[in-house]
Amino acid sequence: MRDKYVSRRNYDEEEVKRNILKRKISVWLVIIILIPALLYISSYVLKQRHYLFISLFLLAAVMLPFFISFEYKAVRAREIVLLAMMISFCVAFNLLCAHTIPLHGGSAVVVLSGIALGPEAGFLTGALGRFICNFFDGQGPWTPWQMASWGIIGFISGVVFVRYEMSSKIETDKVEKKCIGVVYKLRKNSPFVMLFASVILFETAGYLFVVLTGRDMADTKGIMLYIFGLAGLVAGGLLQRKRLQTDSIVMAVFTFLVIFIIYGGIMNFAALIMQSSYMEGEKISLAALKALYITGVPYDIMHAAGAALCVFLLGEPFLKKIERVQIKYGIYRN
């Protein structure tokens with residue numbers, strides 16, 4: 001009887017690894033193929049009409065990898081409740097900041113949800129949170145684009161950060177006594193230093209490229225910020241061997257970079273697509289794209305800075321509360 005009891009709890013390790021690989025492949029397929037296909041259908045096949053149906057299909061696509069992650073474990077109500085709580089926080093903070101203080105708490109919560117709950121949950125929090133927010137802010141053909149942008153931000157945040165861990169102040173003080181403060185922080189956050197340096201290096205290279213080739217700086221500096229910034233993020237992400245640590249400054253700077261480059265880059269391009277769909281005879285051109293990127297820089301900076309400030313002020317306390325909930329109810333990030 002005991003052997004039977006034990007054998008029922010044996011699991012195939014190779015099967016679990018295949019399931020994890022399947023989950024990762026499904027997430028990337030959704031991001032790279034399915035979401036762009038839905039956005040293309042919304043923009044060119046449906047001509048920006050029926051955007052609510054596209055938004056619902058987008059939600060279904062986003063939830064697919066999330067439910068695949070539960071294939072080999074029972075879905076517990078406490079996990080769904082925690083995810084729903086994060087989505088409600090996202091909507092509440094976004095509406096509060098939209099009508100009171102000029103910050104972007106919703107974007108900050110999307111980043112924090114990815115850090116605390118993982119990439120799939122961060123993806124779903126961003127997409128569903130934006131969908132619900134637009135019931136208050138206004139639905140439109142921009143909704144699927146915003147859902148995709150917020151979802152990608154949450155997913156990237158879950159990929160590049162480690163799971164948040166609470167550490168006692170006594171242990172931290174002991175470590176800092178053994179090391180010089182600045183040197184210790186640089187060693188601890190070396191992946192972040194590499195990521196940030198990569199972005200700066202690519203932005204500088206882009207500036208030198210424009211200057212040496214004699215291009216008009218006023219015409220190209222807007223699109224240059226996004227393109228070379230994205231190249232820096234990708235290069236830094238590929239080069240780093242470890243995930244980022246959940247330090248307030250690290251999370252704030254990362255939030256600024258990812259919202260400015262990813263969210264701003266996607267939404268400025270979306271504005272060109274929607275403009276070309278609405279206006280007869282208006283075609284997509286590089287000149288129009290450059291104009292949208294240069295005019296979008298001020299808003300994207302304000303958006304990224306407001307979200308980064310929220311993460312800097314509230315990020316660590318917020319993550320500590322989520323960590324306590326995860327420990328108390330046995331909810332662990334994979």
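When a residue number appears, it is its place in the shown sequence, counting from 1. None of the values given here were measured: they were computed from a predicted structure.
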Side chain proximity check, [X] to [Y], heavy atoms < 4.5 angstrom:
{"X": "Glu203", "Y": "Val199", "answer": "yes"}
{"X": "Asn268", "Y": "Asp300", "answer": "yes"}
{"X": "Gln146", "Y": "Phe131", "answer": "no"}
{"X": "Met251", "Y": "Leu319", "answer": "yes"}
{"X": "Ile156", "Y": "Phe254", "answer": "yes"}
{"X": "Leu117", "Y": "Gln326", "answer": "yes"}
{"X": "Phe269", "Y": "Trp145", "answer": "yes"}

With sequence neighbours left out, write down each residue that passes ring pair (Phe, Tyr, Trp, His ring centres under 6.0 Å) with Tyr293, or none if nothing qualifies. Tyr226

Only counting residues at least two apart or in another chain, list the ones meeting ring pair (Phe, Tyr, Trp, His ring centres under 6.0 Å) with Phe202.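 None.
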
Specify the closest pair of heavy atoms between [X] and [Y], including all atoms of both residues, with the distance to one decimal.
{"X": "Phe318", "Y": "Leu112", "value": "CD2-CD1, 3.8 Å"}
{"X": "Ala307", "Y": "Ile259", "value": "CB-CD1, 3.3 Å"}
{"X": "Ile322", "Y": "Ala116", "value": "CG2-CB, 3.8 Å"}
{"X": "Ser113", "Y": "Gly122", "value": "OG-CA, 3.9 Å"}
{"X": "Ala252", "Y": "Ala308", "value": "O-CB, 3.2 Å"}
{"X": "Leu83", "Y": "Ala121", "value": "CD1-O, 3.9 Å"}

Atom CD1 of Ile249: over 12 foreign heavy atoms under 6.0 Å: no

Would you say CE of Met85 has more than 12 non-hydrogen atoms from neighbouring residues, nucleotides or ligands within 6.0 angstrom? yes

Could you go step by step and tell me if Phe196 and Leu257 meet the side chain to side chain contact (heavy atoms under 4.5 Å, CB included) rule? CA-CA 9 Å; Phe196 184 72; Leu257 292 176; 4.1 Å; yes

For Ser107, side-chain hydrogen bond (donor to acceptor under 3.5 Å, both in side chains) partners two or more places apart: Trp150, His303

Hey, quick one: are [X] and [Y] part of the same hydrophobic cluster, counting side-chain heavy atoms closer than 4.5 Å, chains of contacts allowed?
{"X": "Ile153", "Y": "Tyr299", "answer": "no"}
{"X": "Leu201", "Y": "Phe228", "answer": "no"}
{"X": "Val234", "Y": "Val159", "answer": "yes"}
{"X": "Val81", "Y": "Leu128", "answer": "no"}
{"X": "Leu96", "Y": "Leu314", "answer": "no"}

Rounded to the nearest 0.5 Å, what separates atom [atom1] in [X] from atom [atom2] in [Y]?
{"X": "Ser198", "Y": "Leu233", "atom1": "OG", "atom2": "CG", "result": "7.5 Å"}
{"X": "Thr125", "Y": "Phe89", "atom1": "OG1", "atom2": "CZ", "result": "12.0 Å"}
{"X": "Asp137", "Y": "Leu95", "atom1": "CG", "atom2": "CG", "result": "5.5 Å"}
{"X": "Leu313", "Y": "Leu309", "atom1": "CG", "atom2": "CG", "result": "4.5 Å"}
{"X": "Asn134", "Y": "Arg130", "atom1": "CG", "atom2": "CZ", "result": "4.5 Å"}
{"X": "Ile301", "Y": "Phe256", "atom1": "CD1", "atom2": "CZ", "result": "5.5 Å"}

Could you give me the CA-CA distance, side-chain angles and deciding distance for Val258 and Val160, then say whether side chain to side chain contact (heavy atoms under 4.5 Å, CB included) is met? CA-CA 11 Å; Val258 76; Val160 302; over 6 Å; no

Just one of Asp247, Val253, Thr246 clears the side-chain contact (heavy atoms from CB on, under 4.5 Å) bar with Val250, so which one?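 Answer after filtering Asp247, Val253, Thr246: Asp247.
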
